[in-house]
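In listed order, ligands and their atoms are each counted from 1.
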Amino acid sequence: MVKKYLLFMVQTHLNFRLAELESLADLFGVKTVDFSKYDEGSPFFIVELENDAQARAWISRSILTRGIYEYWGQGTTYEELHREIQANPLFKQFKAEYRNSTFKFEFDSFGGSSSGKLDRVACIESFKYLEFQGKIRMKNPDQVFTVIEEYEPLSDNVAGEKALRMFFGREVQKSDRLCGALEKYDLKKRPYKGTTSFEAELSLVSANIAQVKPGTVMYDPFAGTGSFLVAGGHYKALVIGSDIDGRMIRGKGSQTIKANFKRYGESLQFLDVVTMDFTHNALRSDFLIDTILCDPPYGIRESIKVLGARDPERFVGKEDVEIDGKKAYLHRDYIPTKKPYSLDALLDDLLQFASQRLPLNGRLAFWMPVANDENIETVIPLHANLELKYNCVQEFNKWSRRLLVYVNRGDGFQGPTNAGLERSKANFRDRYFSGFN
Ligand SMILES: C[S@@+](CC[C@H](N)C(=O)[O-])C[C@H]1O[C@@H](n2cnc3c(N)ncnc32)[C@H](O)[C@@H]1O
């Protein structure tokens, strides 16, 4: 038998919210949710689930949700709320089940602040028909009962005055967001970071949409300072990263990617990072990679380079140069030549690599920035064996970036492809630095 639950979500990154909920539901085998009832304009979503265990599994990792509650009722006034709770077909069962539990009441709100307006003691008194006999315990009670009020905010920063709706339920699971994930991974407090580091909130959301799984291998081929490795490690994957720029990989003194993992108490999740050109990939072909999550170079703060010579003629006959009786390229401090490479070709390589290395249904997720020009069409890279599952947009003023998420469907799937095509007509770096004018 299914039961009703209330999801209370954050009203930001709406483009990513549904993708995160669907991906986590799929990951944890939650099949009873009717996503056709999901409303992007509302922070609330009433769903049907088999039991609390499902609700916990589904929401404990969510970043764009606040919590999930066993649904007892809702109303546009408190009188209506109380009537609805008592009319709930499960009311008698609920009452009997929690009669002797220790408990407390909590208050939450959307779009307004109930503190000051709501007399909380009187409000709690108004629930006396629940006839709870257990002790009130503020610390570690058996159950937390929550009143959530919805206000219409007067503007982005001004709280509304009048509650439009109120919900009542039993807390089943607070989300990862409410359990402190954003504070823990806040870049401001991270020992090793750089100009390319990706903010905590959306890197964790990316790992959820990519369905990073505990005990599996996640690879970031453009690891930089390791922001996505940290997100993958948080969800208990074993993470490995590579980057062509050894300085990023090595860090400075005690500021390293490894030190970040140590700080977070997650050293066990960190496999390693290596300096390597992605297009000359040295990971053994039988090394299993379950998920790929990354932020490829777009030439804004870092250049797109691969191993090779811009002008190969210059090196003819110099391959065998020796220093101190040893081939120059065998010295530890040898710096190989690099040449510029196109973003289109790099993304083609990334999709091809994912199609060859991911297991069936494994996910590739990466970020792609685009200029918001009306007359330039955004062409999303496609590979015949990869199904494009999500294309989530984060808008900035004159540009946006997208999280593209693909599922490896294998040779049996023949979707559209645009490999080898020139997709990005205008160089994003040039457009970025000219202010998109
Ligand atoms: C947008 S940054 C990624 C930043 C990273 N997410 C972080 O947390 O710092 C892109 C990275 O790709 C690296 N890169 C550029 N060309 C590469 C190549 N051919 N192979 C591997 N890495 C490359 C750059 O050195 C840069 O660190």
Side-chain angles (χ1 to χ4, degrees), residues 185-207 210 212 218-234 237 239-252 255-261 263-264 270 272-283 289 291-310 335-354 357 364-370 394 396 399 401-404 424 427-429 432:
Y185 296 104
D186 187 351
L187 282 183
K188 284 195 223 92
K189 294 184 250 165
R190 190 170 296 180
Y192 175 48
K193 57 181 174 274
T195 52
T196 60
S197 300
F198 206 97
E199 47 122 335
E201 183 177 21
L202 281 179
S203 56
L204 292 166
V205 170
S206 307
V212 168
M218 189 203 103
Y219 172 45
D220 179 349
F222 308 102
T225 58
S227 320
F228 291 110
L229 299 180
V230 160
H234 174 61
V239 300
I240 179 163
S242 61
D243 197 291
I244 198 169
D245 188 343
R247 293 166 304 178
M248 302 272 239
I249 289 295
R250 285 187 294 276
K252 241 189 190 166
Q255 295 180 341
T256 60
I257 298 176
K258 196 173 177 180
N260 286 347
F261 277 81
R263 164 71 63 89
Y264 297 135
F270 180 69
D272 213 341
V273 281
V274 290
T275 304
M276 176 172 78
D277 170 13
F278 173 68
T279 68
H280 290 79
N281 208 287
L283 291 181
I289 298 166
T291 313
I292 300 172
L293 172 58
C294 59
D295 179 20
Y298 290 96
I300 303 175
R301 293 194 174 79
E302 69 308 287
S303 54
I304 307 174
K305 292 244 169 78
V306 295
L307 292 182
R310 193 193 285 257
I335 299 176
T337 54
K338 300 188 186 93
K339 63 177 182 186
Y341 199 56
S342 88
L343 175 62
D344 288 332
L346 189 69
L347 295 183
D348 282 346
D349 295 344
L350 179 60
L351 267 62
Q352 179 61 16
F353 181 87
R357 302 298 295 266
L364 158 70
F366 66 89
W367 284 85
M368 185 173 101
V370 278
Q394 183 189 21
F396 296 103
W399 65 289
R401 59 182 176 188
R402 287 160 191 265
L403 177 69
L404 301 177
S424 40
N427 182 314
F428 188 81
R429 179 190 165 89
Y432 184 89

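- Residues that satisfy the ring-ring contact (aromatic ring centres under 6.0 Å, His included) test with Tyr185, not counting sequence neighbours, are His234, Tyr264.
- Residue-ligand proximity, Lys305 to ligand 1, at heavy-atom distances under 4.0 Å covers atoms 16 (N), 17 (C), 18 (C), 19 (N).
- When Asp295, Thr196, Thr279 are checked for heavy-atom proximity to atom 10 (C) of ligand 1, Asp295 turns out nearest.
- Looking at Ser242 against ligand 1, nothing comes within 4.0 Å, counting heavy atoms.
- Which parts of ligand 1 touch Phe228 is read off a 4.0 Å heavy-atom cut-off, strictly below it: atoms 6 (N).
- The main-chain N or O of Asp245 is never found under 3.5 Å from a side-chain atom of Thr275 such that the two would form a donor-acceptor pair.
- Counting heavy atoms from C-beta on, the side chains of Phe353 and Pro221 never come closer than 4.5 Å.
- Those atoms of ligand 1 with a heavy atom of Met248 less than 4.0 angstrom away are 27 (O).
- Looking at Phe366, Tyr219, Phe222, Phe198 one by one, the single match for ring-ring contact (aromatic ring centres under 6.0 Å, His included) with Phe228 turns out to be Phe198.
- For the atom pair OG1 (Thr279) and CD1 (Ile304), the distance works out to 11.5 Å, reported to the nearest 0.5 Å.
- Atom numbering of ligand 1 starts at 1 in the shown order; those under 4.0 Å from a heavy atom of Ser227 are 7 (C), 8 (O).
- Of the heavy atoms in Cys294, none comes closer than 4.0 Å to ligand 1.
- Atoms of ligand 1 found under 4.0 Å from any heavy atom of Asp277 (numbered from 1 in listed order, with element): 18 (C), 19 (N), 20 (N).
- Neither the backbone nor the side chain of Tyr298 has a heavy atom within less than 4.0 Å of ligand 1.
- Of the N or O atoms in Phe278, one or more lie within a sub-3.5 Å distance of an N or O in ligand 1.
- Minimum heavy-atom separation, Ile257 to Met248: CD1-O, 4.3 Å.
- Against a heavy-atom cut-off of under 4.0 Å, Thr225 is close to the following atoms of ligand 1: 7 (C), 8 (O), 9 (O).
- Contacts of Asp186 classified as salt bridge (charged side-chain N to carboxylate O under 4.0 Å, His left out), with partners at least two apart in sequence or in another chain: Lys188.
- Here the side chain of Asp220 pairs no donor or acceptor atom with the backbone of Gly241 at under 3.5 angstrom.
- Under a 4.0 Å criterion applied to the non-hydrogen atoms of Pro221, ligand 1 contributes the atoms 21 (C), 22 (N).
- If you number the atoms of ligand 1 from 1 as listed, the ones under 4.0 Å from a heavy atom of Ala223 come out as 5 (C), 7 (C), 8 (O), 9 (O).
- At least one heavy atom of Gly226 sits under 4.0 Å from some atom of ligand 1.
- The main-chain N or O of Lys338 is never found under 3.5 Å from a side-chain atom of Lys305 such that the two would form a donor-acceptor pair.
- Considering Leu350, Asp245, Leu307, Asp243 only, the shortest heavy-atom separation from atom 24 (C) of ligand 1 involves Asp243.
- Arg250 places none of its side-chain heavy atoms less than 4.5 Å from the side chain of Thr256.
- Residue Met276 places a heavy atom less than 4.0 Å from ligand 1.
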